[in-house]
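For reference, positions follow the sequence shown, starting with 1. As a basis for the values below, the full set of heavy atoms in this structure was taken, side chains included, without hydrogen atoms, waters or symmetry mates. Numbering of ligands and ligand atoms starts at 1, following listing order.
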Amino acid sequence: MTKTASEILNNPFLNKGTAFTKEERQALGLTGTLPSKVQTIDEQATQAYAQFKSKPSRLEQRIFLMNLFNENRTLFFHLMDEHVVEFMPIVYDPVVADSIEQYNELFLDPQNAAFVSVDAPEDIEATLKNAADGRDIRLVVVTDAEGILGMGDWGVNGVDIAIGKLMVYTAAAGIDPSQVLPVSIDAGTNNQKLLDDPLYLGNRHKRVSGEQYYDVIDKFVAAEQQLFPDSLLHFEDFGRDNAQVILDKYKDQIATFNDDIQGTGMVVLAGILGALNISKESIKDQKILSFGAGTAGMGIANQILDELMQAGLTEEEAKQHFYAVDKQGLLFDDTEGLTPAQKAFTRKRSEFSNADELTNLEAVVKAVHPTVMIGTSTQPGTFTESIIKEMAAHTERPIIFPLSNPTKLAEAKAEDLIKWTDGRALVATGIPADDVEYKGVTYQIGQGNNALMYPGLGFGLIASTAKVLNAETLSAACHALGGIVDTSKPGAAVLPPVAKITEFSEKLAEVVAQSVIDQKLNKEPIADAKQAVADMKWVPEYRAISK
Ligand SMILES: NC(=O)c1ccc[n+]([C@@H]2O[C@H](COP(=O)([O-])OP(=O)(O)OC[C@H]3O[C@@H](n4cnc5c(N)ncnc54)[C@H](O)[C@@H]3O)[C@@H](O)[C@H]2O)c1
Ligand SMILES: O=C(O)C[C@H](O)C(=O)O
Ligand SMILES: [Mn+2]
C-alpha cells in the first residue's frame, strides 16, 4: 500500500518527525517535508521534555503530552519511559479527571478511540473496525462512564479514562500502542450539566438502561470478540448497578476483567499483604472495614475473602472478618437497598447491643475496632482525626487505605494519617502521595491504585493467550509483588513505588502467564511463560516502516 507524505506524518503510529533519516525521507516521499536536520529520538525527547516543563500548569502539561501522543506515539512513550513517575499523574489519575470534566472545551482529537453509540447499535461493528483501521487489536479498554473515578456520570467525556488506562498499560508493561483500542459506550448521560452544555459532544439524552442497554453491551462484546479474537477486554468505570452484572455475564466466556472490581481487589490485597509483612501480623487476625461498599469496595472484600479461605478458613468464618459500611451505615442482613454484592457481607443486628446506632462510620469504628480500614466511598475527609485515633487506640499498626479518587475525594491525606497515629498507620492512597517526614522518619506512601496491577495482569493474560481470567490467576497475581518492597527500613511503603512499575509489571505478567499455562487456559501452545512475556514487550524505539 502506498502512503502519501501526509498519511505518514499524520499517522501517530508511523510518524517519526525529524527522526526520519535521509534514506527514509527519500524512500517514503518525505524529502523536503521536514527541516533538514535528522534528530535522534533522544534529541527529540530532550526538546519535548523542555517544552513540557515550560507549561505553567498540570493541565497545560497534559495538553502538551496528549498532543505529542496524537502526533508521535513512539516519541511519547520514549519520553514517558524516562519520566514515568512524573507523567503518570498527568496522563492518568488525578489530572485525567480535570480533562474529563473539560473534555468538550478541550476537544481536539479523538485519539484513535471508538465511539459506540447506544442510538446506533447497527453501527457497532463498523465503529470498531473504523477505529482499529486495520490494526491488530489485542487490548480493549471500554467505559460507559457512568462511574468515572468517584465523580459520577461523565457521558462521552469518560473516554479519556480508557485512553489514560491504555497509556499506563504501555508505559508499565510494554503493550504495543498500535494494538490497543479505547472504547466509549455512549449510553447517554444523567449528568444534567452535560445535557445542558451546548458544547457537549455525546448523545444528548438520559442514559438508556435495562434491556436496551444490555443489548448494546451484548452486541458490543460480540463484535469486539469477532473482530479482535485475540484481545483482552478490560471494563472500566461502569456504574455500580451494571459493573458486576456485566462481569458475571462474560467472565467465564471470554478473556475479560473489570478493573474497578478485580484490579482494585488485587492492589488492595497486595497492599494488605505488604502491610502485614511490615507488622508481622497474620491476615487471619484482621478485622476489615470497607467504607463505601460499592463496585470497588465489594471487589476488595471478595479478593480478601478468597485469601482468607486459602489461609484455611471456611467461607462463613472468613465472612466474620468483614464489616461493610455504606450510606446506610453498617450493612445488616435486613438493611434496605442492599446490592447483590453487599448481601454476601452483611452482619446480624443481634451481634451488637447498639445496632440501631451504627449508622455512621464513627459509631461503627467504636463498636468494631477494625484493624484494616479501606475507603472507597467517594466522600472526602470522612476518615477524621477522631475516627482514626479511635481505630489506632485498639490496634498497634492500623492499616488505612483512603482510596477514593481523584485527589479532592480522598477520605484522608497520608500525612494526617501518619500524624494522627504517631507514625503507626500503614497507609496507601489512591493517587500518588509525597513522602511524609515525621519525628525523624521518612514514611513512603504506597499508591493503592489498580494501575499497579492491571498492566501486568492484562499483559500476562494477552501474552499467554488466556481464554478466561479465574480466581486462581488473580490470587497468584496478588502475591507476585511480595519481596519487591524492602520492608526492613522504618517508614517502608506497603506497595512498591511507581518508579519500579516496569520491573514489577513484568514480574506480574510472568506470574499471570504461568498461572494461565499451569491451568491449561491458554488458547495457543506456549512453551515458556517468561519468554512469551519477553517476546510481546514493545519498546519505544523507531522501527523501519514500509511505504
Ligand atoms: N485507588 C484505586 O485503585 C481505586 C479503584 C477503584 C475505585 N476507586 C475509588 O473508589 C471510589 C468508589 O468507586 P466505585 O467504583 O466503587 O464507585 P461506586 O459508586 O460503585 O461505589 C461507591 C460506594 O460508596 C457509597 N457511598 C456514597 N456515599 C457514602 C457515604 N456517605 N458513606 C458511605 N458510603 C457512601 C455508595 O453508596 C457506593 O456504594 C471512587 O472514588 C473511585 O475513584 C479507587
Ligand atoms: O482510575 C483510577 O485512578 C483508579 C480507579 O480505577 C478509579 O476508578 O478510581
Ligand atoms: Mn476506575
Side-chain angles (χ1 to χ4, degrees), residues 88-89 91-97 100 141-154 158 160-168 234-245 247 257-271 289-301 303 323-331 335 337-342 345 358-364 373-383 387 401-411 428-433 446-454 495 498:
M88 276 268 287
V91 301
Y92 177 61
D93 203 4
V95 182
V96 69
I100 289 170
V141 174
V142 61
T143 185
D144 79 347
E146 189 175 1
I148 286 292
L149 313 174
M151 311 187 307
D153 183 345
W154 282 91
D160 274 355
I161 195 67
I163 296 164
K165 292 267 169 185
L166 284 165
M167 290 164 107
V168 175
H234 164 149
F235 284 88
E236 190 68 45
D237 289 355
F238 281 66
R240 192 180 81 167
D241 293 342
N242 295 324
Q244 186 74 50
V245 176
L247 177 62
F257 71 98
N258 180 296
D259 184 39
D260 299 289
I261 298 173
Q262 295 163 297
T264 315
M266 286 167 71
V267 77
V268 171
L269 176 55
L289 191 160
S290 300
F291 182 62
T295 312
M298 298 331 287
I300 293 163
Q303 192 63 56
Y323 300 85
V325 180
D326 208 272
K327 278 181 190 151
Q328 304 97 316
L330 182 62
L331 299 181
T335 300
L338 293 175
T339 67
Q342 289 170 347
F345 288 93
L358 303 181
T359 53
N360 61 75
L361 182 61
E362 184 145 21
V364 180
M373 192 156 73
I374 314 290
T376 51
S377 67
T378 75
Q379 301 301 307
T382 39
F383 289 0
I387 289 174
F401 294 177
L403 298 184
S404 287
N405 291 327
T407 323
K408 60 186 175 198
L409 299 182
E411 285 83 2
T429 51
I431 38 111
Q447 189 180 348
N449 191 297
N450 46 35
L452 269 71
M453 307 300 276
Y454 72 74
L495 284 159
V498 169

Kindly give the heavy-atom pair with the smallest separation between T407 and P94, and that separation in Å.
OG1-CB, 3.3 Å

Please report which non-hydrogen protein atom sits nearest to atom 30 (C) of ligand 1, along with the residue it belongs to and the distance in Å to one decimal place.
Q379 CG, 3.5 Å

Closest non-hydrogen contact found for N449 with Y92 is OD1-OH, 2.6 Å

Residue pair T429 / P402, side-chain heavy-atom distance below 4.5 Å:
yes

Could you identify the single nearest non-hydrogen protein atom to atom 26 (N) of ligand 1 and state the distance to 0.1 Å?
S377 O, 3.6 Å

Any non-hydrogen side-chain atom of N450 less than 4.5 Å from a side-chain atom of K165?
yes

Would you mind reporting whether S377 and T382 have side-chain heavy atoms less than 4.5 Å apart?
yes

Nitrogen or oxygen atoms of Q342 and ligand 1 under 3.5 Å apart:
no

In short, A97 meets P406 closest at the heavy-atom pair CB-CG, 3.7 Å

Just the distances, no angles: every ligand 2 N or O to protein N or O pair closer than 3.5 Å, one line each.
| residue | atom | partner | partner atom | Å |
| --- | --- | --- | --- | --- |
| ligand 2 | 1 (O) | Y92 | OH | 3.4 |
| ligand 2 | 1 (O) | K165 | NZ | 3.2 |
| ligand 2 | 3 (O) | Y92 | OH | 3.2 |
| ligand 2 | 3 (O) | D93 | OD2 | 2.6 |
| ligand 2 | 3 (O) | N405 | ND2 | 3.3 |
| ligand 2 | 3 (O) | N449 | ND2 | 2.9 |
| ligand 2 | 6 (O) | K165 | NZ | 2.9 |
| ligand 2 | 6 (O) | E236 | OE2 | 2.9 |
| ligand 2 | 6 (O) | D260 | OD1 | 3.1 |
| ligand 2 | 6 (O) | N450 | ND2 | 2.9 |
| ligand 2 | 8 (O) | D237 | OD1 | 3.1 |
| ligand 2 | 8 (O) | D260 | OD1 | 3.1 |
| ligand 2 | 9 (O) | N405 | ND2 | 3.2 |

Atom name of the N, O or S atom in D237 that lies nearest to the Mn ion (ligand 3)
OD1

Quickly, which of Q447, Q303, M453 forms a side-chain contact (heavy atoms from CB on, under 4.5 Å) with V267? Name it, please.
M453

Has ligand 1 got any nitrogen or oxygen that is less than 3.5 angstrom from a nitrogen or oxygen of G448?
yes

Do the rings of F383 and F291 sit parallel, tilted or perpendicular, given the 30° and 60° boundaries?
tilted

Give the residue and atom name of whichever protein heavy atom lies nearest to atom 21 (O) of ligand 1, and the separation in Å to one decimal.
G294 CA, 3.3 Å

List ligand 1 atoms under 4.0 Å from A293, heavy atoms only on the residue side.
39 (O)

Got L409 and L149 here, is their nearest side-chain heavy-atom distance under 4.5 Å?
no

Determine whether a donor-acceptor pair (N or O, by modelled atom type, separation under 3.5 Å) exists between the side chain of T264 and the backbone of D259.
yes

Backbone or side chain, does D259 get an N/O/S atom under 2.8 Å to the Mn ion (ligand 3)?
no

Is any side-chain heavy atom of I161 less than 4.5 Å from a side-chain heavy atom of I100?
yes

Taking distance alone, with N or O pairs closer than 3.5 Å, would you say T295 contacts ligand 1?
yes

Give the atom numbers and elements of ligand 1 that come within less than 4.0 Å of a heavy atom of F291.
32 (N), 33 (C)

Where ligand 1 meets L403 - atom numbers and elements under 4.0 angstrom, heavy-atom basis
1 (N), 8 (N), 9 (C), 44 (C)

Any side-chain heavy-atom pair of L269 and I300 under 4.5 Å:
no

Between ligand 1 and P406, is the shortest N or O to N or O distance under 3.5 Å?
no

Restricting to N, O or S atoms, which atom of D260 is closest to the Mn ion (ligand 3)?
OD1

Report the nearest protein non-hydrogen atom to atom 3 (O) of ligand 1: residue, atom name, distance rounded to 0.1 Å.
N450 N, 2.8 Å

In terms of atom number and element, which parts of ligand 1 are under 4.0 angstrom from non-hydrogen atoms of G150?
40 (C), 41 (O), 42 (C), 43 (O)

Does the side chain of Q262 come within less than 4.5 Å of L247's, by heavy atoms?
yes

Which atom of T295 lies closest to which atom of A243, heavy atoms considered:
CG2-CB, 3.7 Å

If you compare all heavy atoms of T335 against all heavy atoms of L330, which two are closest, and at what distance to 0.1 Å?
OG1-O, 4.1 Å

side-chain contact (heavy atoms from CB on, under 4.5 Å) between R240 and T339: does it pass, once the steps are laid out?
CA-CA 9 Å; R240 192 180 81 167; T339 67; 3.5 Å; yes

Atom 19 (O) of ligand 1: the protein heavy-atom neighbour that sits closest, reported with distance to 0.1 Å:
R240 CB, 4.3 Å

Would T378 count as a polar contact of ligand 1, with the cut-off being nitrogen or oxygen pairs under 3.5 Å?
no

Which of the numbered atoms in ligand 1 are below 4.0 angstrom from a heavy atom of D260?
6 (C)

Hey, which N, O or S atom on E236 ends up closest to the Mn ion (ligand 3)?
OE2

Which heavy atom of V168 sits nearest to which heavy atom of A451, and what is that distance?
CG1-CB, 4.1 Å

Atom 36 (C) of ligand 1: the protein heavy-atom neighbour that sits closest, reported with distance to 0.1 Å
D326 OD1, 3.3 Å

Using a 3.5 Å cut-off on N or O atoms only, is A296 in polar contact with ligand 1?
yes

Which protein heavy atom lies closest to atom 5 (C) of ligand 1, and at what distance to 0.1 Å?
T264 OG1, 3.0 Å

Among protein heavy atoms, which lies nearest atom 22 (C) of ligand 1, and at what distance?
T376 O, 3.6 Å

Heavy-atom distance under 4.5 Å between the side chains of T143 and I148, does that happen here?
yes

Can you check which of P94, G147, S404 brings a heavy atom nearest to atom 11 (C) of ligand 1?
S404

For ligand 1, which atoms sit closer than 4.0 Å to a heavy atom of G430?
1 (N)

